[in-house]
Amino acid sequence: MSNQFARQLSLTSFPPNSQNLNSLCSNGQLREALVEMAVQGLEMKFEGYYMLLNECVNRRAFREGQRVHAHMTKTCYLPPMHLRTRLIVFYNNCECLNDAQRVLDEMPVRNVVSWTAMISAYSKRGYASEALNLFPQMLRSGTEPNEFTFATVLTSCTGGAWGFDLGRQIHSLIIKTNFESHIFVGSSLLDMYAKAGRIYEARGVFDCLPERDVVSCTAIISGYAQLGLDEEALELFRQLQREGMTSNYVTYASVLTALSGLAALDLGRQVHNHVLRCELHSYVVLQNSLIDMYSKCGNLSYSRRIFDSMPERTVISWNAMLVGYSKHGMGKEVVKLFKLMKEENKVKPDSVTFLAVLSGCSHGGMEDRGLEYFYEMAEGANGIEPELEHYGCVVDLLGRAGRVEEAFEFIKKMRFEPTAAIWGSLLGACRVHSNVEIGEFVGFRLLQIEPENAGNYVILSNLYASAGRWEDVRNVRELMVEKAVIKEPGRSWIELDQILHTFHASDRSHPRREEVSAKVKELSVKLKEAGYVPDLGCVLYDVDEEQKEKVLLGHSEKMALAFGLIATPEGVPVRVIKNLRICVDCHNFAKLVSKIYGREVSLRDKNRFHHIVGGTCSCGDYW
DNA sequence: ATAGGGTTAG
């Protein structure tokens, strides 16, 4: 009765059916549109539902969308496929994957679009295995995938070995169905290869694309950057720029990742200026990248300035800043900033936050504070379960404080199987604090798990040497010669006028190599007068002492440092970057250089910064 | 009606 009355009313006062709904929806008057839906009752047209659902999707209006769904179920005997597909998208948007799946389950017929919408829903929410299960179901049902399906499903193949295997099978299907050169499919495909570490395959796909756009170019650049192939990323970026590539904020974020890795401050500043000119600087992602870039280039105050100027911050902003302080050994700043984060209470700390805080306490010599945070975490106060890496930080904390036995007990009680990294951290502590008893046990354990890592043999033999157990030193050396492989050759570099000067151990390739080795020799003579004693224990090979000293003087960081002294004016700080951990001998060497030549030396190694002033290092000689 | 690349940690 009232329905009929309403219909009469709507016929007299409004234009009939969807006309009115259309204007209400396009004015964003969702509530009024819902009233109109009720008024139209059984007369609702499919276009009307479509417009309403669209509005609910855009506004993430969950309750309203549910009402539309219920109304549709009541009035339509068989809702058409496109409306049901829109419902899948709607429920996904409201993070109700169960409801989305139910809509798919209730469809009497499905086509490629509805399947793809559901696969996309799972992959967007991070349910890779559900997405990957759905794909073969779709094939079995006889539905042919299209370019949308392939582009979508490949994004779920980046998780692990299982996903990659499936990804390769999907690749061959893509070749068979001739979608390989489709730009969306190609970008997704090359990204999958890059994330699996197969950069050559990724590049192959990229090179075969008949056309390129921002996304495909960014995908391949970031592929290199994510694998730590920073120079290649930078080189490709420059080349593609010459060829007229357009860039957007994602491109610059990826390039900044590469520049962070290279610690290329001048180039980083240049990108920053460019970002400002293009008015891209308000993207939070880009601000986060800039914070990270400045901190990894040694310029923490710039990072902080950007951080302070941000109107909105994500957890990544906080983490990047905390990691910055941590790597610079500024434990107090880490604690202060973490307090601020909690007080502000806008952004919840995540597991990376705690990694940064714990390792910040460790690098900053604040063991007790770090332990407090760990136990706070373990009690579940923050809703984050400590993971293996957090336990690793605690081993580091205890080891640094000389509490080696405690660290050993802690490892035994962990709910994880200790990894090589955990044992390695404890072995390092045993060496610094000369605990041969535990060190020997840990060392052998480590040689079992990781026999190919040369570094482990060196630390163990150093430990024996410090105890005067020369027979054992020799045995370890022999073992090493049999089994160890040096994975990554040592490499150091220094940036001068936007150019990176790279040196390898005993390098012969730099144009000024003669000058540089002469300078290293000169330095060593001067430093010896001031008490420098080469630490022959740092040499891997079994050669005579004179040879060992030569090997030490050939270390890449000494050459980069010497080059810095030659090529920059007196009094200017020298910034050296090394791809591995710095060795004890080079650390001593740099400390003496800073003292005798009155130069500040900033040395970034794989793990952290060493700020060396007047013969003292910010790491407190533990790293 | 359905689609691709990004920032912290390891």
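Naming: A, B, ... by sequence-line order, numbering from 1 per chain. Because the structure is predicted, anything quoted here is derived from the model rather than measured.
- Contacts between residues 271-293 of chain A and DNA chain B, defined by a heavy-atom separation below 4.0 Å, involve A/Val285, A/Asn288, A/Ser289, A/Asp292, listed by number.
- Applying the salt bridge (charged side-chain N to carboxylate O under 4.0 Å, His left out) rule to A/Lys606 yields no partners; only residues at least two apart in sequence or on another chain are considered.
- Atom-to-atom, CG of A/Asp350 to P of B/dG10 comes out at 13 Å; the value is rounded to the nearest Å.
- Taking 3.5 Å as the limit, the base of B/dA1 and the side chain of A/Asn111 contain a donor-acceptor pair of atoms between them.
- Evaluation of atom-type donor-acceptor distances gives a pair under 3.5 Å for the side chain of A/Asp213 against the base of B/dG4.
- Remark: A/Arg110 engages no residue in a salt bridge (charged side-chain N to carboxylate O under 4.0 Å, His left out) (not counting sequence neighbours).
- Between the side chain of A/Asp605 and the main chain of A/Asn607, a donor-acceptor pair closer than 3.5 Å is present.
- For B/dG4, the OP1/OP2 oxygens have no side-chain nitrogen or oxygen of A/Lys195 closer than 4.0 Å.
- In the model, A/His171 has a side-chain atom that pairs as donor or acceptor with a side-chain atom of A/Glu180 under 3.5 Å.
- Regarding A/Met310, its CE atom lies at a distance of 15 Å from the P atom of B/dT7, rounded to whole Å.
- For A/Lys327, the side-chain atoms get nearest to B/dG10 when compared with the rest of B/dG5, B/dG10, B/dA3.
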Would you tabulate the side-chain donor-acceptor contacts of residues 150-164 of chain A under 3.5 Å, counting partners in other chains and residues two or more places apart, or write 'none'?
{"residue": "A/Thr152", "atom": "OG1", "partner": "A/Phe148", "partner atom": "O", "Å": "2.7"}
{"residue": "A/Thr155", "atom": "OG1", "partner": "A/Thr152", "partner atom": "O", "Å": "2.6"}
{"residue": "A/Thr158", "atom": "OG1", "partner": "A/Thr155", "partner atom": "O", "Å": "3.3"}

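- Side-chain proximity of A/Tyr50 to the nucleotides B/dG5, B/dA3, B/dA1 is greatest for B/dA1.
- What separates CG of A/Leu337 from C1' of B/dT8 is a distance of 13 Å, to the nearest Å.
- Note on A/Lys606: nothing from the nucleic acid sits closer than 4.0 angstrom, heavy atoms only.
- As judged by a 4.0 angstrom heavy-atom cut-off over every strand, A/Thr257 is placed among residues touching the sugar-phosphate backbone only.
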*Are A/Asp308 and A/Arg304 close enough, and set up right, to give a salt bridge (Lys or Arg N to Asp or Glu O under 4.0 Å), and what steps lead you there?*
CA-CA 6 Å; A/Asp308 285 335; A/Arg304 187 58 193 253; 3.1 Å; yes

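- Taking the ring centroids of A/His272 and A/Tyr294, they lie under the 6.0 Å cut-off.
- Residues forming a side chain to side chain contact (heavy atoms under 4.5 Å, CB included) with A/Ile411 (at least two apart in sequence, or on another chain): A/Val395, A/Met414, A/Pro418, A/Ile422, A/Trp423, A/Leu426.
- Less than 4.0 Å separates DNA chain B from at least one heavy atom of each of the following residues of residues 313-322 of chain A: A/Ile316, A/Asn319.
- The CG-P distance, from A/Leu83 to B/dT2, rounds to 13 Å in whole Å.
- Under the side chain to side chain donor-acceptor pair (under 3.5 Å) criterion, the residue pairs touching residues 223-238 of chain A are A/Arg203-A/Tyr224, with sequence neighbours excluded.
- Summarising the geometry, the separation between CZ on A/Phe206 and C1' on B/dG4 is reported as 13 Å, rounded to the nearest angstrom.
- For A/Glu144, the salt bridge (charged side-chain N to carboxylate O under 4.0 Å, His left out) test picks out no residue, with sequence neighbours left out.
- Shown here are the ring pair (Phe, Tyr, Trp, His ring centres under 6.0 Å) partners of A/Phe237, two or more places apart in sequence or in another chain: there are none.
- A/Ile88 comes within 4.0 angstrom of no nucleic acid atom, judged by non-hydrogen atoms across all strands.
- The distance between atom CE of A/Met192 and atom C1' of B/dG6, rounded to the nearest whole Å, is 19 Å.
- Residue-level contact check: A/Asn248 touches the bases, meaning some heavy atom is under 4.0 Å from a base atom.
- Residues from residues 119-132 of chain A placing a heavy atom under 4.0 Å of any atom in DNA chain B, listed by number, are A/Ser120, A/Lys124.
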Which pairs would a plain distance check flag for residues 50-59 of chain A, meaning a side-chain donor or acceptor within less than 3.5 Å of a matching protein atom at least two apart in sequence or in another chain?
{"residue": "A/Asn54", "atom": "OD1", "partner": "A/Arg86", "partner atom": "NE", "Å": "3.2"}
{"residue": "A/Asn54", "atom": "OD1", "partner": "A/Arg86", "partner atom": "NH2", "Å": "2.6"}
{"residue": "A/Glu55", "atom": "OE2", "partner": "A/Arg59", "partner atom": "NE", "Å": "3.1"}
{"residue": "A/Asn58", "atom": "ND2", "partner": "A/Asn54", "partner atom": "O", "Å": "3.4"}
{"residue": "A/Arg59", "atom": "NH2", "partner": "A/Gly28", "partner atom": "O", "Å": "2.4"}

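- Using a 4.0 Å heavy-atom cutoff across all strands shown, A/Gln226 reaches sugar-phosphate atoms only and no base atom.
- Within the nucleic acid shown, A/Thr155 comes within 4.0 Å of sugar-phosphate atoms alone, with no base atom in reach, counting heavy atoms only.
- Contact annotation: side chain of A/Ser188 to base of B/dG4, donor-acceptor pair absent below 3.5 Å.
- Summarising the geometry, the separation between CG on A/Asn146 and C1' on B/dA3 is reported as 9 Å, rounded to the nearest angstrom.
- Distance CD1 (A/Ile174) to C1' (B/dA3): 12 Å, rounded to an integer number of Å.
- In this structure A/Glu147 satisfies the salt bridge (charged side-chain N to carboxylate O under 4.0 Å, His left out) test with no other residue, sequence neighbours excluded.
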